[in-house]
Each structure stands twice: as structure tokens, then as C-alpha cells.
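Counting starts at 1 for both ligands and their atoms, following the listed order.
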Amino acid sequence: MPTSNVDECFAPLRLAKERTCTTDRSRHKAVKRLPLHGCRSASGEEWRSSVLYASVSLSSEAYSTDEETPTPSPEHAATDCVHSLSTKGAVAESMYHLVSGTVSVETLEFFLAKAEAEGWDRQFIDVATLQWEVGHNVLIQPNVVALALGMIVDGLRAPCLNGLNRFMYRLKEEYCMKELLMLRIQGYDSAQWRLLRVHGGVHCFNECKNKLYHKGWVPNLSLRGRPKYRVEVIREPVKGFCVLFVEPMLLAAEEFVMEYVGVVSLYPAISSSYVAKVEQGLYIDSSDLGNMARFMNTANSPDEANCAYYTKVVGPVRLVYIYTTKAIDARDGPVELLTYYGENNVVEAEDLGLV
Ligand SMILES: C[S@@+](CC[C@H](N)C(=O)[O-])C[C@H]1O[C@@H](n2cnc3c(N)ncnc32)[C@H](O)[C@@H]1O
């Protein structure tokens, strides 16, 4: 099966949708599909972000209504396609198999077709592109299959995914998504992974089997078990959510803070304050899927900011990161991490000598 032809790759799934669209699955959201190799911005640059997500929710009344789905612009209509995927929480064994190697589209196809054929319980499929070196990695967790495909789903508000991703943040490129996923499968091993409680509400529905993670427990991304830094999300009356740097007491300038995680999109979401504009026609929308970076507020001027956004190319993937622009002193208490939103406030990290 040619991996370059999206239609061929997904034909069985589309047929499955057509067969079942009058059932309770008819609430499916439209899946905006993009070529598997990623999406191309107006300037022609190909994006295969680590944060290109797609999720497919199935049958839960908790999911959002169609009115919230942004309408793709006509030029993107050609890549639009409605899908439905159905899966169940796969058994750990299967997940292990998938997670232990780079998964081809063929494998993915097989897996999804199997899920459909065997009528696995409907949860959702979370699709994430986490392309580090080659191919597509696969993100797996109990009852959630997250697959790297290069797809975008518009307008989904899967509570489970929201909870999952809101607190997911990564540490540079050393971050090993596979390990995290293994961790989820095997349970939390406190000897190897320290868990960090973060603030925030998570609204999982009852069937969710992954509640611990969704409730905000995330691995503290430390080096050899030692926390590198700790941030907290608080809520205050004027600005709403804020990200505070807590420890260590001093954070140097030009330190990586976190990646800006969200859905890579070719058009801006309607009425969301969680959209980072990378350039005209290229956005990272963390309204539904994202991490703490979305809670960073703006400083009144660039000089007041202590962090900034940068982009960096890692292999074929261009990512958006937040780095400190000045040293941060938290000896007298937590310090709010502030970027300066500005217009298109992203510069190449290479230009700054950060990479
Ligand atoms: C990306 S969100 C930041 C997180 C936000 N505070 C929240 O509660 O979700 C951007 C929104 O935060 C608010 N915000 C950001 N910086 C602010 C500031 N310096 N003063 C007041 N509100 C701010 C604005 O409402 C803005 O639309």
C-alpha cells in the first residue's frame, strides 16, 4: 500500500464510516486530513510537527457539537475528508507491539481495521505525529491509541484528550515519548519516574481508564531522576491562568522551558486565545490539545518578558519552543513566565545561537 496516497491508505476506514453513519457514531467530527508527510504552509514549508494531532471521538455525548468546528477555507477543502475510526482500548500486549517500533501506515491500517472488525469498544483514537527521526512513532496508552499519521481533526473536544495533553510537556528532543507511553502502559514506576502534580481541571468521562494521567499527574521530566525545573499553573483574577517558575531558585537565560504543544493548523481557530501564529497560514492551536505553554501570558513589552518563542528544526520537523530570554531569580518566590506575544513573535533558534 503506498504510504503517499492518503485516500488509499484509509479507504477501509472510510467505508466503515459509511456503513455505520446512522448509528450512534453519527456524531463523529469531520477529520481534516492532510497528506501523511505533513502539512504545507502558505510559504511552502513542510511541517511535520511533533504536535500535529488528530483525535477521533466516538459516540460520547460529552464531545462538542458541530457548531464549534471551524470551517476550513476553500483552498484546504481538497484535503478534507470525513473519517471515522473505531477502536477499543487495545490490550496491553498489542500496544506494546505497536509502541516498541516505528509503525508504518500499513501497520496502522491493519490495527485500525482489526479494531473495527472486532468491534472494540469505542473510546477514541488520538493521533499524534511525533516524528523524531524516521517514520511515524506511535503513541499508545491504555484505552487510547495514539497514532502518528499527520492528520488534523478539527473541532474535537474530547475531554479525555484534553486532560491527557494539557499536562503533557516535553523536554527538548531528549524527551522520549515512547518511554512515557510505556510508563502509562506499565503503570507508574516511582523509582524511575517522579510524578509531578500540576494544577488544572480535567474532565474525564466515566469510561476513561486513564484517569490518573488525566488528573494531572505527569512525569517530571528530569535528568536521571532529578527535577530540572518545576513550574506551576495558577489562576489569578485578572489574567486567568499563569505559569509560574518555582524552582530551582535560579534559571539561566537561554534555558529551554517547554515546547509549545498544540494542533498544527493551516488556519486560525475561531475565537480562541490559545492559538500561536507561527506565520501567515500556519498556527499552533492549543485550545483542545496542548500543554502548559498555552497558559503563558504576555508581558507589556519585549523587555519585560523573560521568555520567548523560538522555532527549531529537528530533522524534518520544525518545532516551537519557549526559552528564557533572561535569568530568572525565584529566590523570593515563584516568578511568572512571560513571553511577549507581539505579532508573529517567533524567531529561528539558530539565529540566536541557541542550537
Ligand atoms: C494564551 S492565553 C494565556 C493564558 C490565560 N491567562 C488563561 O487563563 O488561559 C492568552 C490570554 O490570556 C490573557 N492574558 C495574557 N496576558 C495577559 C496580561 N498581561 N494581562 C491580562 N490578561 C492577559 C488574555 O485574555 C489572553 O487572551
Side-chain angles (χ1 to χ4, degrees), residues 49-53 64 68 70 152 154-170 196-204 214-216 218 229-246 251 256-311 319-326 328-330 333-347:
S49 169
S50 64
V51 290
L52 187 63
Y53 280 97
S64 68
E68 291 168 302
I152 289 180
D154 297 311
L156 287 178
R157 288 181 195 283
C160 211
L161 288 178
N162 202 356
L164 164 68
N165 292 291
R166 180 179 297 170
F167 301 106
M168 188 171 84
Y169 62 102
R170 299 194 280 135
L196 173 65
R197 180 90 171 121
V198 295
H199 298 267
V202 180
H203 312 287
C204 291
H214 296 159
K215 281 179 179 164
V218 298
Y229 67 88
R230 187 157 72 91
V231 295
E232 274 184 16
V233 176
I234 60 147
R235 193 170 200 168
E236 60 97 273
V238 179
K239 298 185 194 173
F241 290 113
C242 309
V243 180
L244 303 183
F245 174 71
V246 180
L251 186 60
F256 171 85
V257 176
M258 65 180 76
E259 184 184 337
Y260 194 96
V261 175
V263 176
V264 174
S265 179
L266 299 178
Y267 51 93
I270 294 169
S271 60
S272 171
S273 60
Y274 296 117
V275 180
K277 180 179 172 186
V278 181
E279 63 178 49
Q280 191 64 36
L282 192 58
Y283 307 86
I284 299 181
D285 180 354
S286 54
S287 312
D288 296 324
L289 306 172
N291 64 348
M292 286 186 215
R294 72 192 194 137
F295 295 130
M296 278 194 201
N297 292 312
T298 185
N300 294 324
S301 70
D303 284 348
E304 276 182 35
N306 50 24
C307 293
Y309 303 107
Y310 301 107
T311 73
L319 305 172
V320 173
Y321 290 105
I322 294 166
Y323 278 79
T324 53
T325 52
K326 55 177 77 160
I328 300 177
D329 184 347
V335 176
E336 182 173 4
L337 296 177
L338 293 168
T339 57
Y340 178 67
Y341 293 175
E343 172 68 14
N344 207 8
N345 189 18
V346 176
V347 294

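Here the straight-line distance linking atom OH of Tyr341 with atom CE of Met296 works out to 9.5 Å at 0.5 Å rounding. For the atom pair SG (Cys242) and CZ (Phe295), the distance works out to 10.5 Å, reported to the nearest 0.5 Å. Rounding to the nearest 0.5 angstrom, the gap separating the CD atom in Glu236 from the CG atom in Asn297 is 7.5 Å.
Scanning both residues, Thr325 and Cys307, for their nearest heavy atoms gives OG1-N, 3.5 Å. Residues Phe245 and Leu337 approach most closely at CB-CD2, 3.7 Å, considering heavy atoms.
Residues with a heavy atom under 4.0 Å from ligand 1: Lys239, Gly240, Phe241, Ser273, Tyr274, Arg294, Phe295, Met296, Asn297, Thr298, Tyr341.
Under the side-chain contact (heavy atoms from CB on, under 4.5 Å) criterion, Lys326 pairs with Asn306, sequence neighbours left out.
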